[in-house]
Engineer: 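Below is the structure I would like to discuss, written out as structure tokens.
Nothing fancy with the numbering, it's 1 onward along the sequence.
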Amino acid sequence: MYIEQVEDELYQLKKADQPIGSFRLIQLSKGAGKLEQLQVKDHISPGRILEVFEVIQTYVEKVGLKELHVESHSDTLDFLLQHQQFKKKDVEKRLWVYEVNHS
């Protein structure tokens, strides 16, 4: 699975050159981005969603961002984000932040 930039803030998730999803990565401030409108095809299993987040987190690290922000809309997503090392920064807005560990 890999990411291909389609427009300024629009990205496609691809596997074997076939689109399997898309998302927007909005530049917030220097070094921070926000993941929005993540969509994946119906045939993607819940386990593959973890892989999707890992690919996005690796991409964010590769392009030099320090933080990735995600607003959660479900308890299931909260659980997944926590599993992927995101930290809840704002309980009311359900805002989670992944801090990139640049080695």
Engineer: Given side chains that start at C-beta, do those of Phe86 and Leu80 come closer than 4.5 Å, heavy atoms only?
Structural biologist: no
Engineer: Got a sec, which hydrophobics cluster with Leu10, joining ILVMFWY side chains under 4.5 Å apart, including via others?
Structural biologist: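 For the cluster that includes Leu10, the remaining residues are Val6.
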Engineer: Applying the 4.5 Å side-chain criterion to the ILVMFWY set and letting contacts propagate, would Leu13 and Ile26 be lumped into a single cluster?
Structural biologist: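 The answer is no; the residues belong to distinct hydrophobic clusters.
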Engineer: Hey, could you give me each pair passing salt bridge (charged side-chain N to carboxylate O under 4.0 Å, His left out) that has a residue in residues 77-89? Not counting sequence neighbours.
Structural biologist: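 Sorted pair list: Asp78-Arg94, Lys89-Glu99.
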Engineer: Within the structure provided, determine whether Leu77 and Phe53 are in side-chain contact (heavy-atom separation under 4.5 Å).
Structural biologist: yes
Engineer: Using the side-chain contact (heavy atoms from CB on, under 4.5 Å) criterion, which residues pair with Glu54? Sequence neighbours excluded.
Structural biologist: Gln84
Engineer: Return the set of residues passing side-chain contact (heavy atoms from CB on, under 4.5 Å) with Ser29 (not counting sequence neighbours), or none when no residue passes.
Structural biologist: Ala32
Engineer: How long is the span from the CD atom in Glu51 to the CD1 atom in Ile20, to the nearest 0.5 Å?
Structural biologist: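 Rounded to the nearest 0.5 Å, the CD-CD1 separation comes to 7.5 Å.
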Engineer: From Arg48 CZ over to Met1 CE, what is the distance, rounded to the nearest 0.5 angstrom?
Structural biologist: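 The CE atom of Met1 is 4.5 Å from CZ of Arg48, to the nearest 0.5 Å.
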Engineer: Roughly how far, to the nearest 0.5 Å, is the OG atom of Ser72 from the NZ atom of Lys93?
Structural biologist: 14.5 Å
Engineer: Check the hydrophobic clustering (I, L, V, M, F, W, Y; side-chain heavy atoms under 4.5 Å; chains of links allowed) and say if Trp96 and Leu50 are grouped together.
Structural biologist: yes
Engineer: So if you build clusters from Ile, Leu, Val, Met, Phe, Trp, Tyr with side-chain heavy-atom gaps below 4.5 Å, do Leu81 and Val97 land together?
Structural biologist: no
Engineer: Strictly by ring pair (Phe, Tyr, Trp, His ring centres under 6.0 Å), give each pair with a member in residues 15-37 just once, sequence neighbours left out.
Structural biologist: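 As it turns out, the ring pair (Phe, Tyr, Trp, His ring centres under 6.0 Å) pairs with a partner in residues 15-37, which skip direct neighbours, are Tyr11-Phe23.
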Engineer: Of all heavy-atom pairs between Lys41 and Pro19, which one has the smallest distance, and what is that distance?
Structural biologist: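 So the minimum-distance heavy-atom pair works out to CE-O, 3.1 Å.
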Engineer: Output every pair passing salt bridge (charged side-chain N to carboxylate O under 4.0 Å, His left out) with a member in residues 19-34, not counting sequence neighbours, ordered by first then second residue.
Structural biologist: Lys34-Glu36, Lys34-Glu71
Engineer: Transitively linked via ILVMFWY side-chain contacts under 4.5 Å: Leu38 with Leu95?
Structural biologist: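 Each belongs to a different hydrophobic cluster.
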Engineer: For Tyr2, what are the other residues in its hydrophobic cluster, where any two members join if their side-chain heavy atoms are less than 4.5 angstrom apart?
Structural biologist: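 Other cluster members: none.
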Engineer: Restricting to non-hydrogen atoms, name the atom on Leu65 and the atom on Val100 that form the minimum distance, rounded to 0.1 Å.
Structural biologist: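 Smallest heavy-atom distance, with atoms named: O-CG2, 3.3 Å.
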Engineer: Is the shortest side-chain heavy-atom distance between Leu25 and Leu68 below 4.5 Å?
Structural biologist: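 When only atoms from C-beta onward are counted, Leu68 and Leu25 do touch, with a gap below 4.5 Å.
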Engineer: If you look only at pairs with a residue in residues 62-81, which of them pass as a ring pair (Phe, Tyr, Trp, His ring centres under 6.0 Å), with sequence neighbours excluded?
Structural biologist: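 Checked against ring pair (Phe, Tyr, Trp, His ring centres under 6.0 Å) - neighbours excluded - no pair reaches residues 62-81.
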Engineer: By the salt bridge (charged side-chain N to carboxylate O under 4.0 Å, His left out) test, which pairs, at least two apart or in different chains, include something from residues 7-18?
Structural biologist: Glu4-Lys14
Engineer: Could you work out, with side chain to side chain donor-acceptor pair (under 3.5 Å) as the rule, every residue matching Gln39, not counting sequence neighbours?
Structural biologist: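 So Gln39 forms no side chain to side chain donor-acceptor pair (under 3.5 Å) with any residue.
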